[in-house]
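Read the structure below first, then the notes.
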Amino acid sequence: LVEKRTLTFLIAALGVWAVTSTTISAYYYMQFNTYYSEYKHLAGYMDILSGTISELANVTGKLAQNTKDVSETVENLSKILESISLRVNILLKYNSNSLEWYNKTSMPLGSTAFDTLFAVAEDVTYKYYEGLGVLVTSINGVTNNKTMGWLWWYWNYTSSEWVLPDFASDKYILHRNDVIAWTYSNYVNWPPPPPT
Amino acid sequence: MFINGFYSPWGFGGLNIPFQMIGMAIAGFAGGLYQKFWSWEKISLCESFFEATVIGALLTLAYDFITNFGVALSFALSGTSMYLALISALILGAPFSLIHIVSNIFVFGFLFVPISSAISRFMEVKIIG
């Protein structure tokens with residue numbers, strides 16, 4: 001049999017263990033509730049975030065579709081524009097050191113060589129002679145004088161050489177991929193040198 | 001007191017000082033009381049070790065309860081209901097109490113017997129002169 005004194009101490013030890021373990025359990029229960037509540041809170045936010053991401057993905061998908069539609073429209077429009085326009089390369093030569101190339105310049109179908117000037121130069125003056133056509137008198141402030149004047153050329157793909165036409169620039173209807181040159185040349189010594 | 005002072009979540013003192021004093025007084029009173037029931041002749045070394053650990057644990061538990069009550073009182077003074085304040089203080093102080101009790105079990109268990117025998121010998125020397 002256990003002695004009464006020992007039994008008393010055993011009961012006391014059991015009491016200490018019971019109280020301590022109960023409070024520790026309560027502490028961990030509280031901690032569990034706190035963290036569980038935070039977890040639920042966070043899970044709620046994750047759900048909201050997930051929904052937002054899903055909506056964003058939908059919007060992105062729609063945007064991509066719209067972009068594709070716009071791209072197709074632009075492509076179609078570009079084809080239409082190509083069908084009613086042409087591209088030419090234009091050279092403005094003020095002197096041997098100052099050459100300005102304007103490659104693949106879009107012009108409406110039916111444009112003339114004279115019209116190319118208005119696509120590349122800011123200031124153009126000219127005189128119109130009935131029956132002969134247009135004579136360009138200045139381009140971007142560079143004006144004709146007694147020895148120098150503006151002449152126009154076109155490139156002949158067949159002979160691979162520049163051609164100085166004997167008619168006015170407004171009489172020449174542009175073709176696709178034409179090369180037109182405007183040169184400020186000395187015309188006292190005829191014929192003047194080709195643009196390049 | 002060393003552990004209580006440095007590791008207690010409620011800090012060193014403040015409003016809790018009177019409750020710490022009560023807790024220590026109870027521990028001192030209990031020690032004095034136990035001294036009347038303890039002697040080498042009555043119980044073995046093993047029993048002394050066991051009783052010292054139980055007393056240490058019990059007094060630490062009582063001390064923690066009293067100081068937690070002091071903390072609960074400060075909670076109550078700031079507007080919380082006394083019941084809720086006491087439950088909160090006891091639960092929130094539980095991890096510290098566990099450390100406190102376990103450390104005191106070791107301190108009482110291992111130091112009670114050697115210190116008691118040393119004091120007994122000192123007293124004998126003093127009585128003999």
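These numbers come from the heavy atoms of this one structure, side chains and all, not from hydrogens, waters or symmetry mates. In what follows, every chain begins at residue 1, and chains take the letters A, B, ... in the order their sequences are listed.
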Residues, nucleotides or ligands: over 12 heavy atoms within 6.0 Å of [X] [atom1]:
{"X": "B:Tyr34", "atom1": "OH", "answer": "yes"}
{"X": "B:Met82", "atom1": "CE", "answer": "yes"}
{"X": "A:Tyr128", "atom1": "OH", "answer": "yes"}
{"X": "A:Trp101", "atom1": "CH2", "answer": "yes"}
{"X": "A:Tyr28", "atom1": "OH", "answer": "no"}
{"X": "B:Phe29", "atom1": "CZ", "answer": "no"}

| request: Return the minimal non-hydrogen interatomic distance between A:Ile24 and B:Ala94, and the atom names on each side. | output: CD1-O, 3.4 Å
| task | Provide the closest heavy-atom pair for B:Ala57 versus A:Val16 in the form atom of the first, atom of the second, distance. | result | CB-CG1, 3.7 Å
Do [X] and [Y] have side chains that approach each other closer than 4.5 Å (heavy atoms only, starting at C-beta)?
{"X": "A:Thr6", "Y": "B:Glu51", "result": "no"}
{"X": "B:Leu98", "Y": "A:Thr20", "result": "yes"}
{"X": "A:Phe9", "Y": "B:Ile55", "result": "yes"}

| Nearest-0.5 Å distance, CG of residue B:Leu92 to OG1 of residue A:Thr23 | 11.0 Å
Is chain A contacted by the side chain of [X], its backbone, both, or neither, given a heavy-atom distance below 4.5 Å?
{"X": "B:Phe50", "answer": "side chain"}
{"X": "B:Leu58", "answer": "both"}
{"X": "B:Glu47", "answer": "side chain"}

| A:Val136 with A:Leu99, same ILVMFWY side-chain cluster at under 4.5 Å | no
